[in-house]
Amino acid sequence: MAQHESAYPYLCKDCGKRFSNDKFKSRTYPITKIVKALSEYNSGLTIEETSKKTQIPKSTIANWIQEYEDLLNLAKFNRKLQKYVKNNRLIQGHKYLHQLVYLYLQHNFKLDYFVKSNEPKLYDYLQKTKNGLINKNYFTNSDARASRIKLNIFKELNLKTTHNNACEFANIAIELVDDNWKRHWAVEKIMLENDTSTIAVEVPVYLETSTSTIPWIKSIKSNNNYITGHIDLLQYRNGKLYILDYKPGAKNEKPIGQLFVYACCLSKSTRIHFSNIILAWFDENLYYETNAMQVYKYVMSNFK
């Protein structure tokens, strides 16, 4: 990544595109008002209702919808979203006490429209999660956390590096809040509310290690035989499941072990094949991803 003096000062070496951190600078309105208005619209309100609620002119909101249609792209489904608003079920979730408090949230329109017919077992798992049916004892009694698991195999992987919409959403979060913990939640909330692919956040996952067919997983020590974790963001796009982790300072992070454990948990619960699971992490500058199948092949070859 190199800096250049231009309207788009950053160059991504992998994709060749330039990008800027100034996408949401407005002559009249701060980013907080832009995001608030577009999030209201993407919650299923009409332009008229959004204008009344935010006290922003209808013409301005209409212009923003067009201007930011590539990023906050849920807007194109506004009419379909409206029926979910009437039933107060667009975004629903459950608060889990798993040593710490985790607020699981899911976007019901995206699940119904994109996931239900394509990945019914994933849909069922997330519905179970929304209804509070995940056994909390797996989490409260376990000392094996996915976030602590390391797998240093970066040189063996084909990593894709780019700057994409996830990075742009992280940029927005930086503008909205200055606290790292709050920023984490802001990234999740903005993406869940406004893009077309983020289907759930803070997703609890678990795996009984003794039931795994992967020797590396079996080797993980756990006092109750379970390894657990919470996925920051779960996306479904182009027929694949994306497991995303927001990592400030992403270029210095190597969370392959953590992400692959998440993939093992979800694959076991949903029967989604590793070849259809993407592991990714990002911050406001860079986005990294690899296919879970690559990691699976490596651990099966090197851990017996």
Side-chain angles (χ1 to χ4, degrees), residues 15 17 19-20 22-26 28-29 31-93 105-119 122-123 126 130 162-173 175-176 186-201 233-242 244 246 278 280 282 287 289:
C15 68
K17 293 182 179 179
F19 62 93
S20 167
D22 298 334
K23 184 169 185 174
F24 271 79
K25 286 189 176 177
S26 170
T28 307
Y29 293 92
I31 184 176
T32 50
K33 287 191 176 293
I34 297 174
V35 173
K36 172 67 173 174
L38 293 178
S39 294
E40 292 289 355
Y41 182 73
N42 285 337
S43 75
L45 299 185
T46 64
I47 289 181
E48 290 76 14
E49 290 167 336
T50 303
S51 176
K52 184 177 181 180
K53 190 169 184 177
T54 62
Q55 297 300 298
I56 296 171
K58 291 184 289 184
S59 59
T60 300
I61 295 170
N63 288 336
W64 286 344
I65 291 168
Q66 287 189 319
E67 186 175 354
Y68 304 117
E69 63 181 352
D70 291 338
L71 182 62
L72 287 80
N73 51 14
L74 192 62
K76 61 189 174 186
F77 295 102
N78 179 263
R79 289 187 180 276
K80 294 182 183 295
L81 295 170
Q82 290 174 24
K83 70 175 184 179
Y84 287 82
V85 177
K86 293 176 183 177
N87 297 324
N88 195 31
R89 59 176 296 268
L90 185 65
I91 294 177
Q92 294 178 312
L105 292 174
Q106 67 179 40
H107 199 287
N108 287 321
F109 164 73
K110 297 178 205 176
L111 286 174
D112 290 347
Y113 200 78
F114 301 117
V115 177
K116 189 174 183 178
S117 61
N118 293 313
E119 295 293 349
L122 172 62
Y123 181 87
L126 296 180
K130 179 203 66 174
T162 188
H163 180 96
N164 64 9
N165 280 357
C167 303
E168 291 296 332
F169 280 116
N171 268 313
I172 297 171
E175 294 292 329
L176 291 177
V187 171
E188 296 178 357
K189 184 174 185 292
I190 296 166
M191 293 176 72
L192 184 68
E193 291 177 346
N194 293 290
D195 72 18
T196 55
S197 54
T198 303
I199 56 176
V201 299
L233 302 116
L234 198 61
Q235 294 189 336
Y236 187 78
R237 50 189 163 100
N238 302 320
K240 293 187 182 295
L241 185 65
Y242 285 70
L244 273 69
Y246 172 58
I278 305 297
F282 67 97
Y287 169 97
E289 74 170 42

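Counting begins at 1 with the first residue of the sequence.
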| task | Go through the side-chain N and O atoms of E175 and N171 and say whether any donor and acceptor fall under 3.5 Å apart. | result |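 Looking only at side-chain atoms, N171 and E175 do not form any donor-acceptor pair under 3.5 Å.
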| query | What's the verdict on side chain to side chain donor-acceptor pair (under 3.5 Å) for H163 and E168, showing C-alpha distance, side-chain angles and the deciding distance? | reply | CA-CA 8 Å; H163 180 96; E168 291 296 332; 2.9 Å; yes
| Worked verdict on Y68 versus N194 for side chain to side chain donor-acceptor pair (under 3.5 Å) | CA-CA 11 Å; Y68 304 117; N194 293 290; over 6 Å; no
| query | Are K110 and V115 close enough, and set up right, to give a side chain to side chain contact (heavy atoms under 4.5 Å, CB included), and what steps lead you there? | reply | CA-CA 7 Å; K110 297 178 205 176; V115 177; over 6 Å; no
| query | Does the pair L234 and L122 meet the rule for a side chain to side chain contact (heavy atoms under 4.5 Å, CB included), with working shown? | reply | CA-CA 11 Å; L234 198 61; L122 172 62; 4.2 Å; yes
| task | Output, in order, the C-alpha distance, side-chain angles, deciding distance and verdict of side chain to side chain contact (heavy atoms under 4.5 Å, CB included) for H107 and T198. | result | CA-CA 8 Å; H107 199 287; T198 303; over 6 Å; no
| field | Ion pair check, K36 and E40, cut-off under 4.0 Å | value |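 Between E40 and K36 there is a salt bridge, with a charged N closer than 4.0 Å to a carboxylate O.
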| field | Check ion pair R89-D112 (N to O, under 4.0 angstrom) | value | yes
| said: Assess the residue pair L72 and Y41 against the criterion (side chain to side chain contact (heavy atoms under 4.5 Å, CB included)); give the C-alpha distance rounded to whole Å, side-chain angles, the decisive distance to 0.1 Å, and a yes or no. | reply: CA-CA 10 Å; L72 287 80; Y41 182 73; over 6 Å; no
| query | So F109 and F77, would you call those rings parallel, tilted or perpendicular, with 30° and 60° as cut-offs? | reply | tilted
| field | Check: S51 side chain, I56 main-chain N or O, donor-acceptor pair, under 3.5 Å | value | yes
| task | Find the distance between OG1 (T60) and CD1 (I47) and round it off to the nearest 0.5 Å. | result |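 These two atoms lie 11.0 Å from each other.
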